[in-house]
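The sequence lines fix the lettering, A, B, ..., with proteins before strands; numbering per chain opens at 1. Every heavy atom of this structure was used, including side-chain atoms; hydrogens, water molecules and symmetry mates were not.
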Protein chains: 2
Amino acid sequence: MTGPADPVGVPLSSPDDEGGTGPDAILRNNIGYDMKRAFNAIQADVNATLQPFGLRMLTYSVLAVIRDNNGLRQSRLAEILLIERPNLVLILDELEGLDLVTRTRAPDDRRAYELTVTLKGRRLCDRAFRAVAEHDNRMARGLGAEERAALHKALRLIESNGRSPDDSRDTRREIPRP
Amino acid sequence: MTGPADPVGVPLSSPDDEGGTGPDAILRNNIGYDMKRAFNAIQADVNATLQPFGLRMLTYSVLAVIRDNNGLRQSRLAEILLIERPNLVLILDELEGLDLVTRTRAPDDRRAYELTVTLKGRRLCDRAFRAVAEHDNRMARGLGAEERAALHKALRLIESNGRSPDDSRDTRREIPRP
DNA sequence: CCAAGATCGTTATGATCTATAACCAGTACA
DNA sequence: TGTACTGGTTATAGATCATAACGATCTTGG
């Protein structure tokens, strides 16, 4: 008997299909749609990359920021990574349970914790860092250095466009009907 | 008394901070990190944009694809949008409950449904489409037409890089330790 | 024709990430 | 001192995503 036909790979649209003729052609004009799909691919790959280290995208991000900001406090860390404080607690519990991070009472403020990366955590972070760098190169394959830099720049611009409901309040959201 | 200092806006890094000196500088070198933040901004904005229509990013995507592919079946729709079939069921229940989409038994296959957009659905989709287009322009403010096209191209390339565990299996994932 | 296998939609369930309210201990300040 | 605020926490809910398993139906090989 023949195998179950094709594993899953249906060519829905090629990378150079300039907003072409796929069944999702309309959505392909939306940055958010293309970005969601690209991000899905990235997240799947980075999580697979980090899995051998016992990390995920989220836990790696937290670990890396603490590593480079020793003595950081949870509130500030939450600000930096745009994570709500309550959600950060569980992540830190996890990292602390893995002996990668320690919470130490801040000497000047007995409410706060100072976050530090353990030796084990630093080593793991370093190894994971290299794996993630390789992952990045994989995902960016086909992009030249300039294109890659332009991509980062565009992403940061979009991020900043999001956090500025500044002057465009007038023409902002259309209210369809009451 | 003075107001509670500053609402929340801490300038963590400006868009043109070329992998600069922020507390998350290391992560800024990762495409996934920048993309996650950009996508968060996009998703928040597009959901706010679609809220007056009673839609979200996900439901809008489904509605738009059905609109442009009348008679589509659920399995195929799931393939197109990379949604698992079970998850699609609830989304379609929602859209059907809003009288935007109908499920009709396929004449040639009594298991399958043919998905169609109602008149109400088409009108809503058209209006939402325009709002989303404006949203897109908001988020892409500061990008020229070429940069914007390059962004789409890069995103599609990344997506396709993700779905190709082809020949690079050798140097792929590092196994840290048993 | 018919039995085995595959497909379609569905239910149930769990994991992950996110968002909010409320709380306690501790701090800041008027 | 007392009132308001902050830092970390708990509890809880929502949204998205992933998997196993099921009944109904189609397909196919013998």
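Listed candidates were C:dT16, D:dT9, C:dC8. Nearest to the side chain of A:Tyr113 is D:dT9. Checking C:dT10, C:dG26, D:dT9 against every side-chain atom of B:Val89, the shortest atom distance belongs to C:dT10.
To the nearest 0.5 Å, atoms CG (B:Asp136) and CG (B:Asp45) are separated by 9.5 Å.
Counting to the nearest Å, the P atom of D:dA15 and the CG atom of B:Leu55 are 14 Å from each other. In this structure, CD of A:Gln43 is placed 17 Å from P of C:dA15, rounded to the nearest angstrom. Protein atom CZ of B:Arg37 is 16 Å distant from nucleotide atom C1' of C:dC17, rounded to whole Å. Taking atom CG of B:Leu88 as the reference point, atom C1' of D:dA15 lies 16 Å away to the nearest angstrom. If you take CD of A:Glu114 and P of D:dG7, they are 13 Å apart, rounded to a whole angstrom. Atom pair A:Leu92:CG and D:dG8:P shows a separation of 9 Å (rounding to whole Å applied). Rounded to an integer number of Å, the gap from CG of A:Leu77 to P of D:dT9 is 12 Å. For the pair B:Arg56 CZ and D:dC17 P, the interatomic distance rounds to 10 Å; values are reported in whole Å.
Projected onto DNA chain C by closest heavy-atom contact, B:Ser75 and A:Pro107 fall at different nucleotides, the more 5' of which corresponds to B:Ser75.
Checked by atom type, the side-chain pair A:Asn161/A:Arg156 shows no donor-acceptor distance below 3.5 Å.
Using a 4.0 Å cut-off between a side-chain N of Lys or Arg and a carboxylate O of Asp or Glu, A:Glu79 and A:Arg85 do not qualify as a salt bridge.
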Contact letters for nucleotides 18-25 of chain C, in which S counts primed atoms plus P, OP1 and OP2 and B counts the base, heavy atoms under 4.0 Å: BBBB---B

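Residues A:Leu63 and A:Leu55 meet the side-chain proximity criterion, which asks for heavy atoms closer than 4.5 Å.
Side-chain atoms of A:Thr118 come within 3.5 Å of backbone N or O of A:Asp99 as a donor-acceptor pair.
Residue A:Gln74 has no polar side-chain atom (N or O) positioned under 4.0 Å from OP1 or OP2 of D:dT6. Put simply, B:Arg110 has no side-chain N or O that comes within less than 4.0 Å of OP1 or OP2 on C:dG9.
Here the shortest heavy-atom pairing between B:Asp34 and B:Arg28 reads OD1-NH1, 2.6 Å.
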Expected list for residues 105-112 of chain B: side-chain donor-acceptor pairs under 3.5 angstrom, two or more places apart:
from: B:Arg105; atom 1: NH1; to: B:Arg110; atom 2: O; distance (Å): 2.8
from: B:Arg105; atom 1: NH1; to: B:Arg111; atom 2: O; distance (Å): 2.8
from: B:Arg105; atom 1: NH2; to: B:Tyr113; atom 2: OH; distance (Å): 3.2
from: B:Asp108; atom 1: OD1; to: B:Arg73; atom 2: NH2; distance (Å): 2.9
from: B:Asp108; atom 1: OD2; to: B:Arg73; atom 2: NH2; distance (Å): 3.3
from: B:Asp109; atom 1: OD1; to: B:Arg111; atom 2: N; distance (Å): 3.0
from: B:Asp109; atom 1: OD1; to: B:Arg111; atom 2: NE; distance (Å): 3.0
from: B:Asp109; atom 1: OD2; to: B:Arg111; atom 2: NH2; distance (Å): 2.9

